[in-house]
Protein chains: 2
Amino acid sequence: MAETKVRVRDADATKARILEAAKEEFAKLGLGGARVDEIADRAKANKRMIYHYFGSKEELFKIVLEEAYIDIRTAEQSLDLEHLPPREALCKLVTFTWRYYLENPEFIRLVNSENLHKARHIKESDRLREVSRRFTGMVHDILKRGETEGVFRPGVDPVQLNITIAAIGYYYLTNRFTGSFLFEQDFMAPEALDARLAFNLDTVMRLVEAR
Amino acid sequence: MAETKVRVRDADATKARILEAAKEEFAKLGLGGARVDEIADRAKANKRMIYHYFGSKEELFKIVLEEAYIDIRTAEQSLDLEHLPPREALCKLVTFTWRYYLENPEFIRLVNSENLHKARHIKESDRLREVSRRFTGMVHDILKRGETEGVFRPGVDPVQLNITIAAIGYYYLTNRFTGSFLFEQDFMAPEALDARLAFNLDTVMRLVEAR
DNA sequence: ATCGAAAGTAACTAAATAGTGCGTTACCTG
DNA sequence: CAGGTAACGCACTATTTAGTTACTTTCGAT
């Protein structure tokens with residue numbers, strides 16, 4: 001049988017460790033600030049392996065980013081929003097998005113870094129375009145169903161709504177350091193986090209509900 | 001009289017050129033990616049001058065950031081929102097915020113960079129705390145006035161509202177590169193920009209208006 | 001006019017840092 | 001078990017970069 005013996009050499013495991021370490025390092029310092037030596041150390045791998053498996057720092061970043069996007073979209077798909085009443089579906093999406101950002105802080109930071117570089121790394125990824133289409137379609141369907149049922153007003157642009165749902169969570173978290181200082185309150189205090197989620201749910205609902 | 005002669009040596013002018021060049025470079029590549037040599041070249045100054053006037057790269061970044069914040073808060077103050085009816089005041093604030101981000105793209109990028117570094121550069125600035133307080137107070141007053149007049153519903157948290165107003169503009173612009181790719185539309189097309197502003201005004205108004 | 005201080009320059013250093021050349025070791029297949 | 005292939009590691013290089021040393025030039029006050 002396979003894997004009874006602890007493998008000293010295991011390409012897949014090494015690759016996985018490098019990717020995990022790279023995700024952390026890139027998230028912490030951005031593409032420019034990340035250090036390849038640090039990634040190698042953290043992955044308990046040799047730097048040479050990074051170049052062997054991924055070719056370059058930029059290629060490694062590309063893979064890390066693609067994986068991060070695939071992960072969130074996959075999680076979204078498994079919410080099964082198609083089978084929920086429109087209002088519940090939307091609430092669940094807003095809550096999920098918020099929680100996902102909270103629990104996967106690397107995601108936000110990787111996206112920030114990619115936008116600093118004008119999205120040049122993901123531009124070629126057909127997989128990402130694919131999963132994004134599915135996602136936009138899903139929100140579109142929720143809005144349509146709500147419209148038909150009379151609980152949502154007509155004419156809400158699904159792309160704008162998507163952006164807003166992301167924005168009100170994302171901005172709060174990515175700018176929590178300057179925010180905590182400028183508004184003189186701890187953005188990460190549990191009550192503050194709860195209050196923000198409640199406010200965001202309210203914002204989205206008021207935006208789509210038929211009055 | 002002063003300044004008839006073109007001064008070959010002018011400390012103030014050199015400082016100003018360095019600050020301007022630094023703002024551009026830091027905005028373009030972040031604190032980590034920015035190069036001191038590049039800033040010196042762009043400012044048509046000698047690198048030594050940067051260290052003479054500002055001490056270090058980090059100190060320079062600190063000043064650039066502080067100036068950027070002061071600039072936007074000063075512009076906001078001059079909107080004179082206190083003397084406008086509450087609904088108009090809020091619309092004007094949302095529109096101003098959007099336009100400011102659009103016309104001063106460095107601001108967003110500097111803030112992103114500062115948050116990547118956990119806001120450690122602005123933490124000491126009393127000036128910033130001061131202008132921020134004034135700003136929060138202003139939004140608070142608008143909400144209070146609207147409440148009294150019966151056009152706004154009671155109980156809207158001014159800090160949450162502030163964050164949301166910033167978020168829905170900021171996120172769209174800072175993530176426009178990944179956004180344009182993932183949603184397959186040009187986020188910077190003039191019609192797209194107009195549509196976003198309209199959507200944001202709608203979002204904020206629905207959020208605060210008494211029904 | 002001249003002298004001292006401030007403005008400005010060029011060339012350097014020490015430390016990082018992305019990427020490699022080349023050799024070694026484990027594992028699988030036949 | 002032999003031998004090839006893939007996994008792995010060390011130590012190096014070429015370059016970049018923040019920061020500095022030691023110098024020259026300009027300008028205004030006396």
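Chain letters run A, B, ... following the sequence lines, proteins first, then strands; residues in each count from 1.
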**Message:** Could you report the tightest heavy-atom contact between A:Phe199 and B:Leu161, atom names first, then the distance?
**Reply:** CZ-N, 3.8 Å
**Prompt:** How close or far is atom C1' of D:dT17 from atom CD1 of B:Ile50, stated in whole angstroms?
**Reply:** 13 Å
**Request:** Go through the structure and list residues passing side chain to side chain donor-acceptor pair (under 3.5 Å) with B:Asn162, not counting sequence neighbours.
**Result:** none
**OP1 or OP2 of D:dA7 under 4.0 Å from side-chain N/O of A:Thr14** = no
**Prompt:** Is the distance between the ring centroids of B:Tyr69 and B:Phe107 under 6.0 Å?
**Reply:** yes
**Prompt:** What residues, two or more places apart in sequence or in another chain, satisfy salt bridge (charged side-chain N to carboxylate O under 4.0 Å, His left out) together with B:Arg73?
**Reply:** B:Glu76
**Prompt:** What does B:Tyr53 touch in the nucleic acid at a heavy-atom separation under 4.0 angstrom: a base, only the sugar-phosphate, or nothing?
**Reply:** sugar-phosphate
**Length of the line joining B:Met49:CE and D:dT20:P, which is rounded to integer Å** = 14 Å
**Complete:** Residue set satisfying salt bridge (charged side-chain N to carboxylate O under 4.0 Å, His left out) with B:Arg133, at least two apart, ordered chain then number -> A:Glu184
**Message:** List the residues meeting side chain to side chain donor-acceptor pair (under 3.5 Å) with B:Asp202, not counting sequence neighbours, and say none if there are none.
**Reply:** A:Arg153, B:Arg206
**Sorted by number, the residues of residues 112-125 of chain B with heavy-atom contact under 4.0 Å to DNA chain D** = none
**Complete:** Within residues 19-31 of chain A, those residues having any heavy atom closer than 4.0 Å to DNA chain C are none
**Request:** Check DNA chain C against residues 38-45 of chain B and give the residues with a non-hydrogen atom under 4.0 Å, in numerical order.
**Result:** none
**Prompt:** Can you check the B:Arg17 CZ to C:dA7 P distance for me, whole Å?
**Reply:** 13 Å
**Complete:** Taken in chain and number order and not counting sequence neighbours, the residues that satisfy side chain to side chain donor-acceptor pair (under 3.5 Å) with A:Glu106 are none
**Message:** Looking at every heavy atom in both A:Tyr53 and A:Lys15, which two are closest together, and how far apart are they?
**Reply:** CD2-CE, 3.5 Å
Which pairs of donor and acceptor atoms, one on a side chain in residues 30-40 of chain A, lie under 3.5 Å apart (sequence neighbours left out)?
residue, atom, partner, partner atom, Å
A:Arg35, NH1, A:Gly32, O, 3.2
A:Asp37, OD1, A:Lys47, NZ, 3.4

**Asked** At their closest point, which heavy atom of B:Asp186 faces which heavy atom of B:Ala192, and how far apart are they?
**Response** O-CB, 3.5 Å
**Request:** Classify every nucleotide of nucleotides 15-24 of chain C by which part a protein heavy atom approaches to under 4.0 Å, writing B for the base, S for the sugar-phosphate alone and - for neither, in 5'-to-3' order.
**Result:** --SBBBBB--
**Item:** Heavy-atom pair of closest approach, residues A:Ala27 and B:Leu116
**Value:** O-CD1, 4.0 Å
**Complete:** For residues 56-66 of chain B, the side-chain hydrogen bond (donor to acceptor under 3.5 Å, both in side chains) pairs (sequence neighbours left out) are B:Glu58-B:Arg120, B:Glu58-B:His121, B:Glu59-B:Lys62, B:Lys62-B:Glu124, B:Glu66-B:Ser125, B:Glu66-B:Arg127
**Complete:** Residue pairs passing the side-chain hydrogen bond (donor to acceptor under 3.5 Å, both in side chains) test with at least one member in residues 87-102 of chain B, sequence neighbours excluded, are B:Arg87-B:Glu209
**Item:** Atom pair distance, as rounded to whole Å: NE2 in B:His52 and C1' in D:dT20
**Value:** 13 Å
